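I have placed the structure first, in the form of C-alpha cells, so that the comments after it can refer back to it.
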Amino acid sequence: MKVRVRFAPSPTGYLHIGGARTALFNWLYARHTGGKFILRIEDTDAARNSREAVEVILQGLRWLGLDWDEGPLTGEVTGPYKGDFGPYFQSQRQLQYQQRVEALLSKGLAYEKEGAIRFKMTREPILIRDLVVGDVLRPLTDREEADPDFVIQRSDGQPVFHLVNVIDDLEMNITHVIRGEDHLSNTTKHLALFKAFGVPAPHYAHIPLILNSDGTKMSKRDRGAALNTYWEEGFLPEAVINYLCLLGWSPKDNREKIPLQEAVDRFDLIQILRHNARFDYEKLLWLQGEYARELTDDRFYELAVAAFTRAGYDTRSCPLDYLKAALDTCRGKFRLFSELPNYAGFYFKDTLEYDPVAAAKEFTPDNKTRLQLLLQNLTSLNPFPAAEVEAKLKSTAAQLGVKVGVLVHPTRLALTGQSSGPSLYHLMEVLGRERTLVRLEKALARF
RNA sequence: GACCCUAUGGUCUAGCGGUUAGGACACCUCCCUUUCACGGAGGUAGCCCGGGUUCGAUUCCCGGUAGGGUCGCCA
C-alpha cells in the first residue's frame, strides 16, 4: 500500500518549530517512500479559526520547501484545494462526522449524556505498537478508571479532536501517523475508535519533542518557538531544515551538513531517537553560516536588500554597482541577514554615529596627527582601487613609524563608525575617494 | 494522584557485552590576518545512581532518581 502521511496543525496563529519538525519528518517519510504528504487543517475549534492563522501555516511550510500533495491551496476554509479526499479543513467535514457519530450511537458504542455524546471506552489496557517508541501497553489511569468514557461530540454539536482526527485519518486513508510524543498516551483512544469503526488503525510513529535549551517545554512565547521569526531574522530555510533534521535523527556518519535530498534518501522512522531534544540556537546559527557562505550572488543580493529594507534603509535608490560592490565586501562575514544592516549600514548613511567605546580609544591626539597625514596622502590618490589604498595606508604607517594596525583602527572607525567590519581597503574602494576623504575630515573634527 | 516515555561532555549525537567512548556546536589556547568572520593546530569536558546477569557492563535486566508527556464538552 502506498504510504500516505499527513500534517494536521491547528490554526493557532503561528507555526511552532516542533510542528515544523513534525511536518518535516512526515514530508521526509513521504518523499523517501514515494508516498503522499497531506496537509489537513484541524480547525474544529471555531474560535481559533481564521484565514490569517491558516496562511501562517501555509507560508511556513512553503518557506521551508515542504510541498504537500493534497491539501488547501489558500487559507480560505472554503477555498480551492488539491487531492481527492477533501475538503481538507475539518470545519468543512461536519457531515462525515455526524454520520460516524450516528453509526456509533446505533451500534451502541456511544451514548448521549447531558447533551454530549460519549464514547464507550475499553476498560482493558491497550497495546500501542509504535514504530519509534516500540510496544507500549497502556492501562487506564486512576482518573480514567473512575470514568473511562470520553466525549466525542460536545453538547453544542461540535465534534471533538479525538473523534475527527480518527475519522479523517480513516477517510483519507492515512497509513502512518507521525506526530509529537505528546499524543502517545491519547493513542489508546484513537485505537479504540478505529476498532469501533471496524477498520485497522494506521501505523503510529511518535516523535520526541523539542524542548527549550533549559529543558522546559517550548511554548508559544519562548524564543525560537515560532517559525516565522526565523525568516524575519534572516535565517535560510535550508539551514533551518538541516538543523531540524538533526534533532532526533542522525545520518550516523559524523556529518552535520546534510543536503535535503540525501536526508530524503536515508530517512526512516525506526532510526528516530526516542528522547526529547533541546533546541540549540548556536548550532542553528553555525549551520546558517555554512549555508550563507554558499549562496549564489543573486540570492545573496536579494536577501541582503530585503534585510536592509526591513531595517528601514532605502538601498534601492542607490546605484546598483555601488550596492553590489558594497554587499560583496560583506560576503562570508556574517551569519544572519538581520545582522547586515548594523554591519554594513555605513555604506548607505551620510552621517555616522561613532561607537563611543571605540571612539574613546581611537580618537586620540596621537591618532589625530596620524589620520591627518593619511588624509593628506590619500588626497593625491585618484582613482582609488583597494590595492593602491592599501599601499598608501602602509606607506603612511611606515612614514609614521607605526604598525599598520595603529592606522587601520582609527581609520575604520572614522569611515564606518565601528571597530569591526568588511576589509578596510575594500570598503574604502567601494566608498570611493570623495566619501572617504569627507568622512576622514568629519571624524577629525570630532577629536 | 495514576499511567506512559526517556536518560552518552553544557547542547545535538555516533557507538558497543571487552573501544585510548568517535563527530559536531559552544567554550579555552595558539597560528593566519587591517578588524570581524573564515580557515588551520591543539585543549577542557561525557556513558544519572544502586543492585543483578556475566570472566567482563556505558551497552542486557530490575529498582531508584531526574526530565518530559498524558489523564478536558482544548487541539
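The basis for the numbers below is simple: all heavy atoms, side chains too, and nothing from hydrogens, waters or symmetry mates. Note that the coordinates shown come from a computational prediction; the quantities given were computed from them, not determined experimentally. Naming: A, B, ... by sequence-line order, numbering from 1 per chain.
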Taking atom [atom1] in both [N] and [M], compute the distance separating them and give it to the nearest angstrom.
N	M	atom1	answer
B:C16	B:C47	C1'	11 Å
B:G46	B:U58	P	15 Å
B:C48	B:G10	C1'	15 Å
B:C49	B:U59	P	10 Å
B:C36	B:C28	P	14 Å
B:G63	B:A2	P	15 Å
B:A7	B:C12	C1'	15 Å
B:C62	B:A57	C1'	15 Å

Please name the nucleotide paired to [N] by Watson-Crick or G-U wobble geometry with both distances under 3.5 Å, or report none.
N	value
B:A26	none
B:U54	none
B:U6	B:A66
B:G72	none
B:G39	B:C31

- Item | Test: A:Arg4 cationic atom under 6.0 Å from A:Phe85 six-membered ring centre, within 45° of axis | yes

- Task: Please figure out whether A:Arg138 or A:Phe161 has its closest RNA chain B nucleotide nearer the 5' end.
- Result: A:Arg138

- Message: For A:Glu114 and A:Asp253, find the nucleotide of RNA chain B closest to each by heavy atoms; which residue's nucleotide sits nearer the 5' end?
- Response: A:Asp253

- Item | A:Pro159 vs A:Val101 side-chain heavy atoms within contact, under 4.5 Å | no

- Message: With heavy-atom distances below 4.5 Å as the criterion, would you say the side chains of A:Asp135 and A:Ile128 are in contact?
- Response: no

What's the [atom1]-[atom2] distance between [X] and [N], to the nearest Å?
X	N	atom1	atom2	result
A:Ile210	B:G69	CD1	C1'	15 Å
A:Leu287	B:U13	CG	P	13 Å
A:Phe279	B:U13	CZ	P	13 Å
A:Asp280	B:C27	CG	C1'	12 Å
A:Met121	B:C71	CE	C1'	11 Å
A:Arg274	B:U13	CZ	C1'	15 Å
A:Asp149	B:C73	CG	P	12 Å
A:Leu247	B:U6	CG	P	19 Å

- Query: Does the B:G23 base have a donor-acceptor partner in the side chain of A:Arg255 within less than 3.5 Å?
  - Reply: no

- Query: How close do A:Leu340 and A:Leu327 get, heavy atom to heavy atom, and via which atoms?
  - Reply: CD2-CD2, 4.1 Å

- A:Gly417 versus A:Leu352, closest heavy-atom pair with distance: N-CD1, 3.8 Å

Should [X] be listed as having a side-chain N or O under 4.0 Å from OP1 or OP2 of [N]?
X	N	answer
A:Arg154	B:C74	yes
A:His275	B:U13	yes
A:Asn186	B:C71	yes
A:Lys252	B:G15	yes
A:Ser185	B:G69	no

Of the listed nucleotides [options], the one nearest the side chain of [X]:
X	options	result
A:Lys283	B:A75, B:A14, B:G23	B:G23
A:Leu246	B:U6, B:C12, B:C4	B:C12
A:Val160	B:G68, B:C73, B:A7	B:C73
A:Leu211	B:G68, B:U13, B:A14	B:G68
A:Ser250	B:C5, B:U13, B:C71	B:U13
A:Leu273	B:U13, B:C73, B:A75	B:U13
A:Ser155	B:A75, B:C73, B:U70	B:C73

- Contact string for nucleotides 31-44 of chain B, one letter per nucleotide 5' to 3', B = base within protein heavy-atom range under 4.0 Å, S = sugar-phosphate only, - = neither, reads ---BBBSS------

With heavy atoms under 4.0 Å as the rule, sort [X] into base, sugar-phosphate or nothing.
X	answer
A:Leu285	nothing
A:Gln418	nothing
A:Lys217	sugar-phosphate
A:Asp182	sugar-phosphate
A:Ala277	sugar-phosphate
A:Glu256	base
A:His183	base
A:Gly115	nothing

Within the 3.5 Å criterion, strictly below it, is a donor on [X] or [Y] matched to an acceptor on the partner's side chain?
X	Y	value
A:Asn377	A:Gln399	yes
A:Asp366	A:Thr364	no
A:His162	A:His190	yes
A:Tyr243	A:Asp280	no

- How would you list, by chain and number, every residue that makes a salt bridge (charged side-chain N to carboxylate O under 4.0 Å, His left out) with A:Arg370, sequence neighbours excluded? none

- Task: Please list, chain by chain and in numerical order, all residues satisfying salt bridge (charged side-chain N to carboxylate O under 4.0 Å, His left out) with A:Arg335, sequence neighbours excluded.
- Result: none

- Item | Audit row: A:Asp168, A:Arg6, salt bridge (charged side-chain N to carboxylate O under 4.0 Å, His left out) steps and yes/no | CA-CA 10 Å; A:Asp168 288 343; A:Arg6 62 15 175 222; over 6 Å; no

